[in-house]
Amino acid sequence: MLLVLFGARQWHRRPKDPSQGRLPKWMAAMDRLTPVKVFGLGLGLGLGLGLALALAALNAKNAPLTIAAAASIGSAGLPVGQEITSLTIFVLIATLGLLAPPGVYMVEGERAKTTLGDWKDRPAQHNVAVMAVLFFVIGLKLLGDGIGILTS
């Protein structure tokens, strides 16, 4: 329920003009990282769910998603091998946002600046609206799951 309320609050606080949007602090910091540091960060993120949980603790927006994914995988009754595979796939998908920019830079070189600049500007303009909708939808999903459990 809190995620639904938080999503509604974010939606009402979003900038009316998308050009007034600002990048989240972690995304703005990406401009100051060298390709080697970004690659190291992406490699480090791929080490496992423990690191993903640690990063989620640093960013409260990630915590509900990571906890929900871990709970879903853990409660699915899968054999250990399938749980490990599921967690690995989750971590890979969760880190794609950090791994894609250095990959584009490695492939395109200096031409990547235009592409990466576009990738940076769009989220900055729409970050609050996207996060509001995300919180709202995830909150409704978790609320529906909870009601389903209580009524069964």
Side-chain angles (χ1 to χ4, degrees), residues 2-76 78-142:
L2 289 176
L3 285 176
V4 173
L5 295 174
F6 188 67
R9 181 175 162 246
Q10 288 277 94
W11 182 260
H12 289 291
R13 288 186 170 188
R14 76 188 189 285
K16 299 302 177 201
D17 181 9
S19 66
Q20 299 297 321
R22 292 183 300 137
L23 284 172
K25 289 179 185 177
W26 69 268
M27 195 180 285
M30 294 299 279
D31 284 342
R32 296 184 298 275
L33 295 177
T34 65
V36 173
K37 287 181 182 177
V38 172
F39 181 75
L41 180 61
L43 190 62
L45 289 175
L47 292 178
L49 184 61
L51 186 54
L53 287 170
L55 289 174
L58 297 175
N59 185 347
K61 294 181 220 175
N62 294 337
L65 296 173
T66 305
I67 291 168
S72 294
I73 292 169
S75 66
L78 299 173
V80 174
Q82 289 180 354
E83 279 187 356
I84 292 170
T85 302
S86 298
L87 288 172
T88 302
I89 291 169
F90 170 75
V91 170
L92 287 173
I93 291 171
T95 58
L96 282 177
L98 290 173
L99 296 175
V104 169
Y105 186 80
M106 284 185 212
V107 171
E108 291 188 12
E110 288 301 312
R111 294 181 317 192
K113 287 183 180 182
T114 303
T115 303
L116 296 176
D118 289 344
W119 287 6
K120 183 179 87 174
D121 291 342
R122 282 191 207 123
Q125 292 173 352
H126 303 289
N127 181 56
V128 175
V130 169
M131 293 309 298
V133 171
L134 182 66
F135 284 136
F136 193 75
V137 169
I138 291 171
L140 287 178
K141 160 85 169 96
L142 294 174

* **Shortest non-hydrogen contact between Ile73 and Leu87, atoms and distance** => CD1-CD2, 3.7 Å
* Give every residue pair that meets the salt bridge (Lys or Arg N to Asp or Glu O under 4.0 Å) criterion with at least one member in residues 99-109, sequence neighbours excluded. => none
* Asked: What is the distance from atom CG of Leu5 to atom CZ of Phe136, rounded to the nearest 0.5 Å?
  -> 9.0 Å
* Determine, stepwise, if the pair Ile138 / Leu142 fulfils side-chain contact (heavy atoms from CB on, under 4.5 Å). => CA-CA 6 Å; Ile138 291 171; Leu142 294 174; 4.0 Å; yes
* **Derivation and outcome, side-chain contact (heavy atoms from CB on, under 4.5 Å), residues Glu110 and Tyr105** => CA-CA 7 Å; Glu110 288 301 312; Tyr105 186 80; 3.5 Å; yes
